[in-house]
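Indexing begins at 1, ligand by ligand and atom by atom, following the structure's order. No experiment lies behind these values; they were computed from the predicted model shown. Only heavy atoms go into these numbers, but all of them, side chains included; no hydrogens, no water, no symmetry mates.
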Amino acid sequence: MKTIIEPFRIKSVEPIRFTTVEERRALLREAHYNLFALHSDDVLIDLLTDSGTAAMSAAQWGAVMNGDESYAGSPSFFRFEAAVRDLMPFKHVIPTHQGRAAEAILFSILAKPGRKIPSNTHFDTTRGNIEGNGAEAHDLLIPEGRQPGLVHPFKGNMDLDALEAFLRRHGEAVPCVMITVTNNAGGGQPVSLANIHGARDIAHRHGKPFIIDGCRFAENAWFIKTREPGQAGRGIKDIVRDMFDGADGMTMSAKKDAFANIGGWLALNDDELATQARTRLIQTEGFPTYGGLAGRDLEAIAQGLTEIVDEHYLAYRVRTNEYVSERLGALGIPVVKPAGGHAVFVDARAWLSHIPPLSYPGQAVAVGLYEVAGIRACEIGTVMFGRSPDGSERPAAMDLVRLAMPRRVYTQSHADYIVEAFGELAAKKDAIGGFRIAWQPPMMRHFTARFAPLA
Ligand SMILES: *Cc1c(COP(=O)(O)O)cnc(C)c1O
């Protein structure tokens, strides 16, 4: 059979609430045009993020009831640890309440003023934690990754020549080399197995630990299987293990490729580093066998990790995004090609070329989409990345709007509705105006900034 179907049937449903265009206009004004400020029951289809929004399986809900809430030594921790190590055999697995807590702990140890941390592209919380500790976050993506319309199978790859040159030049200042799979901030684009191993080997030749931000490890493995020469015959688990082979550590958000609503971990091989991390964990998260999570959360993650590597799920997951991406392309809307693993990214800068980057074309698209159809998307562009640590403003590399697909939540007809909404927006695109920022906090402004429409 060629039709790719949702590889599940629905046992429990959650109604979604319809609103009128007039209601949405008022709600946007009240939210100061920041979609993070909306109440989610005013949103019909929520594509703000794929983080923590997955539908858990019946097996996961069953596992929740087996959660053991002992403070120390809970069997739920050991099931969680075994499930992680079945895929990524790190010596130390340290649970955290989400991915950024793992980053905060890691960078409280590794990031200091004067230090520089290279990656293919740091995600916003990663960058925030590095810069918050006074260090610099450097993105060394291949040039193809910065051209939204260019088709390349692994647009998340690290520029290995640039990494080599970076380490030659700044070696002393570099505490670790990172790579993000898939590259969320760069369009959900995958990193090839060859590139992961190449970055690892360069890091090791310079004596640096190699840390993987593995939030979407399963989606990345699917792309390796379907796009990288010689990988088609391998199982997903086998590829995942190979991705992490020889890595010195990982940070993880279980809200992504673990089908959990909360959770994360920091994994390390180095005993001394792990001791420092656990000390910090106890100060900020909790005892090392629960780390800011309930036993039931650890159970949900452990079960989720066995489900995420299912090939039928991954085929449906990736195909959903390809489908939306193809249909938007057919409407003449520029999208990042190929579609990302967890999201479709619309190139707002190219589409609304009458709005300059510093008037936030991505924000304009996201606001327009909510107004037209009640769909919530997320700007990933100059609002998110346009502010330097010194407070000056510059256009981000790209102005994208991310349509992040929650895992196992929406169906084919939801995808068709999303496409129709873009058709409506396309019909009046030249009348869409930009925004200015009326108020912003000192860091990570996209979550709380207030906007005002221009003219
Ligand atoms: C979500 C995410 C994080 C942070 O994880 P949280 O669980 O949201 O704190 C870090 N890196 C990447 C690539 C992510 O997508």
Practice problem: Enumerate the atoms of ligand 1 whose separation from the nearest heavy atom of Gly99 is less than 4.0 angstrom. | Solution: 5 (O), 6 (P), 7 (O), 9 (O)
Self-check item: Intermediate values then yes/no, ring-ring contact (aromatic ring centres under 6.0 Å, His included), Phe447 and Phe36
Solution: CA-CA 6 Å; Phe447 291 120; Phe36 282 97; 5.0 Å; yes
Exercise. Can you sort out which atoms of ligand 1 are near Thr180, meaning under 4.0 Å from one of its heavy atoms?
Key: 13 (C)
Self-check item: Nearest neighbour in protein (non-hydrogen) for atom 8 (O) of ligand 1
Solution: Arg100 NH2, 2.9 Å
Quiz prompt | Lys/Arg cation over aromatic Phe8: Arg408, 6.0 Å, 45° cone | solution = no
Quiz item: Roughly how far apart are Gln283 CD and Ser108 OG, rounded to 0.5 Å?
Solution: 8.0 Å
Quiz item: Mind checking whether Arg216 has an N or O less than 3.5 Å away from an N or O of ligand 1?
Solution: yes
Quiz item: So which heavy atom in the protein is nearest atom 7 (O) of ligand 1, and how far is it from that ligand atom?
Solution: Ser253 OG, 2.6 Å
Quiz item: Looking only at heavy atoms of Cys215, does any of them come nearer than 4.0 Å to an atom of ligand 1?
Solution: yes
Quiz item: In the protein, what heavy atom is nearest to atom 3 (C) of ligand 1, and what distance, to one decimal place, separates them?
Solution: Lys256 NZ, 3.5 Å
Self-check item: Straight-line distance of Ile196 CD1 to Asp242 CG, nearest 0.5 Å
Solution: 9.0 Å
Self-check item: Contact (N/O only, under 3.5 Å) between Asn184 and ligand 1
Solution: yes
Self-check item: Shortest protein heavy-atom distance from atom 4 (C) of ligand 1, along with the residue and atom involved
Solution: Thr125 OG1, 3.4 Å
Quiz item: Is there at least one pair of N or O atoms, one from Gly263 and one from ligand 1, spaced under 3.5 Å apart?
Solution: no
Practice problem: Verify the neighbour count for atom NZ of Lys116: are there more than 12 heavy atoms of other residues, nucleotides or ligands below 6.0 Å? | Solution: yes
Practice problem: Return the residue, atom name and 0.1 Å-rounded distance of the protein heavy atom closest to atom 11 (N) of ligand 1. | Solution: Asp213 OD2, 2.7 Å
Quiz item: Which residue pairs pass the ring-ring contact (aromatic ring centres under 6.0 Å, His included) test with at least one member in residues 132-156, sequence neighbours excluded?
Solution: His138-Phe166
Self-check item: Heavy atoms from other residues, nucleotides or ligands near CZ of Arg296 exceed 12 (cutoff 6.0 Å)
Solution: no
Exercise. Compute the centroid of each ring, for Tyr360 and then for Tyr33, and state whether the two points are separated by less than 6.0 Å.
Key: no
Quiz item: Hey, does Lys255 come in under 3.5 Å of ligand 1, counting only N/O atoms on both sides?
Solution: no
Quiz item: For atom 10 (C) of ligand 1, which protein heavy atom lies nearest, and how many Å away is it?
Solution: Glu103 OE2, 3.1 Å
Quiz item: Which of parallel (below 30°), tilted (30 to 60°) and perpendicular (above 60°) describes Phe80 and Phe77?
Solution: tilted
